[in-house]
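Working notes, structure below.
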Amino acid sequence: MTSPDADSKGFFGDFGGAYVPELLYANIHELQTRYRSIVEDESFVTEWKSLLRDYVGRPSPLYFSQKISKEIGIKLYLKREDLNHTGSHKINNALGQALLAKRLGKTRIIAETGAGQHGVATATACALVDLPCIVYMGEIDMGRQAPNVKRMKYLGADVVPATSGSKVLKDAANEAIRDWIAHPEDTHYLLGSAVGPHPFPEMVAYFQSIISEEIRLQLKEHEGREYPDTAIACIGGGSNAIGTFYHFLDEENVKLIGVEAAGEGVGTGKTAATIASGTEGILHGSRTLLLQTEDGQVQEAYSLSAGLDYPGVGPQHAHLATTKRALYVSVTDSEALEAAQWLSQKEGIIPALESAHALAYLKKGEFQEGEVVVLCLSGRGDKDMATYLEEVS
Ligand SMILES: *Cc1c(COP(=O)(O)O)cnc(C)c1O
């Protein structure tokens, strides 16, 4: 059995744990000991499920892509997280944690964001539940992702530039952790992916597991069975992927494939493929695989896709890679760009550049004739139009 949960110390095999400064210990301990009973409480479940339905628009459809199925020789189902309110899977987690923060009695939310998608989802959830929201964002990312900065501000959030280090996502996460240390009592840190100290990876996976919970029911309708042959998702920190894998982890017959962003290529030094080229170390509170120099300095990740250029990966994915329960592959910028246009013109669906990495693998991977493949279309591509247009002209 592959349990979706961490062990009692917060580890998935050799990876995970909670490597936090002493000043955060009380916060982390509170979350570790209280979150399960809160999220499994009937009143929480009722509120959470009704918001997922009426506010987020769930269940998200499972769409059979006839044309791509025919082209590749498989049966391809797209899990349409792009149709969620705010345009990606991130709202599932943001909303779950915002409701949790309320029940923990917190009065202030902080978050980190890279591309701004998690920032927008968090600002949205905070508006809904009436909590003030501070989003840390690398100064460079704020320039690159200006429309999302405007969106967050319009939703009522404070966006604070992270000006340290290389001024990107990892630096924003460092700033958020610093803020949390300074405000341990009243603040919840609403982390955006399945990374960070225990219980974040487990908790974020739990909130995103709604993806595979729905896939099972929807596949049953379409195919008469609850399991695909293969499930595919892209990997930044790994939250949409773990949500897609969650209810299939102990079904050994289901092939699980995570697609990392190779950037310009694994081995070029301009990559975000952490599992392909990372080594063990500690990043943002957990032991995992990360891009680092020989003397342990975190290296900058690179991907054209701002949502995937993180130098670490969730500890559960590091574990699934090491035990070979899941297969991790990578796709370059140019392969992802090509796949984005492919889906747009074949199906009339413009995918997020992140999701396009998962799609690109359909052309690279080996599949059995007629196998059932579920692919998580993690978000919509409106935010990437400028990049797409630049690349085709
Ligand atoms: C943030 C984001 C990702 C990457 O994050 P994960 O935690 O790995 O899921 C993927 N797709 C979209 C659309 C995103 O916004």
Side-chain angles (χ1 to χ4, degrees), residues 60 78-94 96-97 111-122 124 135 137 141 145 147-148 151 168-169 172-173 190-196 200-201 203-212 231-246 257-261 272-275 284 288 301 303-318 320 326 328 330-331 336 339-340 343 349-360 375-385 387:
S60 66
L78 300 174
K79 182 59 172 161
R80 299 290 309 275
E81 295 299 298
D82 61 315
L83 294 177
N84 293 340
H85 181 43
T86 71
S88 81
H89 67 292
K90 294 229 166 64
I91 191 75
N92 304 330
N93 169 53
Q97 284 197 51
E112 85 298 332
T113 198
Q117 295 298 101
H118 173 58
V120 169
T122 303
T124 299
V135 180
M137 189 169 186
D141 289 338
Q145 310 289 334
N148 274 340
R151 232 169 256 150
V168 294
L169 175 59
L190 206 161
L191 196 51
S193 189
V195 301
F200 282 105
M203 182 170 74
V204 174
Y206 178 81
F207 287 133
Q208 294 295 0
S209 71
I210 187 72
I211 298 172
S212 47
I232 305 178
C234 67
I235 308 261
S239 71
N240 88 91
I242 203 66
T244 303
F245 298 171
Y246 197 92
I257 301 178
V259 185
E260 298 192 293
T274 311
I275 292 174
H284 298 138
T288 188
S303 163
L304 186 60
S305 156
L308 299 181
D309 70 353
Y310 180 65
V313 67
Q316 192 165 11
H317 289 293
L320 293 171
Y328 293 85
S330 63
V331 151
L343 188 72
I349 300 169
I350 302 176
L353 184 51
E354 292 83 2
S355 325
H357 284 74
L359 288 161
L375 184 146
C376 184
L377 203 68
S378 54
R380 66 174 183 232
D382 311 39
K383 68 185 180 59
D384 298 307
M385 277 320 296
T387 308

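All ligand and atom numbering here is 1-based and tracks the order in the structure.
- Using a 4.0 Å cut-off to heavy atoms of G307, the atoms of ligand 1 that qualify are 4 (C).
- Not one N or O of L308 is nearer than 3.5 Å to an N or O of ligand 1, by distance alone.
- A donor-acceptor contact under 3.5 angstrom links the side chains of Q208 and N92, judged on distance only.
- Under 4.0 Å from ligand 1, the heavy atoms of A352 that appear belong solely to its side chain.
- In terms of modelled atom types and a separation under 3.5 Å, the side chain of E260 and the main chain of Y328 share no donor-acceptor contact.
- Closest heavy-atom approach to atom 15 (O) of ligand 1 among the candidates E354, K90, H357: K90.
- S355 contributes a side-chain N or O that, together with a main-chain N or O of S378, makes up a donor-acceptor pair within less than 3.5 Å.
- Per-residue contacts place G379 under 4.0 angstrom from the following atoms of ligand 1 (heavy atoms of the residue considered): 13 (C).
- Put simply, the side chain of T113 never gets that close to the backbone of M137: no donor and acceptor are under 3.5 Å apart.
- Of all the atoms in ligand 1, the ones that sit under 4.0 Å from a non-hydrogen atom of C234 are 10 (C).
- For the residue pair S305 and E354, a side-chain donor N or O sits within less than 3.5 Å of a side-chain acceptor on the partner.
- Side-chain N/O atoms of H118 and S193 include no donor and acceptor closer than 3.5 Å.
- In this pair, Y310 and H284 present their aromatic rings parallel. The plane angle is below 30°, not in the 30 to 60° band.
- Annotation for ligand 1: atoms under 4.0 Å from non-hydrogen atoms of Q117 are 15 (O).
- Residue D82 does not touch ligand 1, judged by heavy-atom distances below 4.0 Å.
- Of all atoms in ligand 1, numbered sequentially from 1 with element shown, those under 4.0 Å from a heavy atom of S239 are 6 (P), 7 (O), 8 (O), 9 (O).
- In this structure a side-chain-to-backbone donor-acceptor pair under 3.5 Å is present from K79 to S60.
- Set against the non-hydrogen atoms of G238, the atoms of ligand 1 under 4.0 Å away are 6 (P), 7 (O), 8 (O).
- Scanning all protein heavy atoms for the shortest distance to atom 12 (C) of ligand 1 gives S378 OG, 3.5 Å.
- For G192, no nitrogen or oxygen atom sits less than 3.5 Å from a nitrogen or oxygen atom of ligand 1, counting backbone and side chain alike.
- With hydrogens and angles ignored, the 3.5 Å screen pairs a side-chain donor or acceptor of N240 with a backbone N or O of C234.
- Per-residue contacts place S193 under 4.0 angstrom from the following atoms of ligand 1 (heavy atoms of the residue considered): 6 (P), 7 (O).
- Ligand 1 has H89 within reach: a non-hydrogen atom of the residue lies less than 4.0 Å from it.
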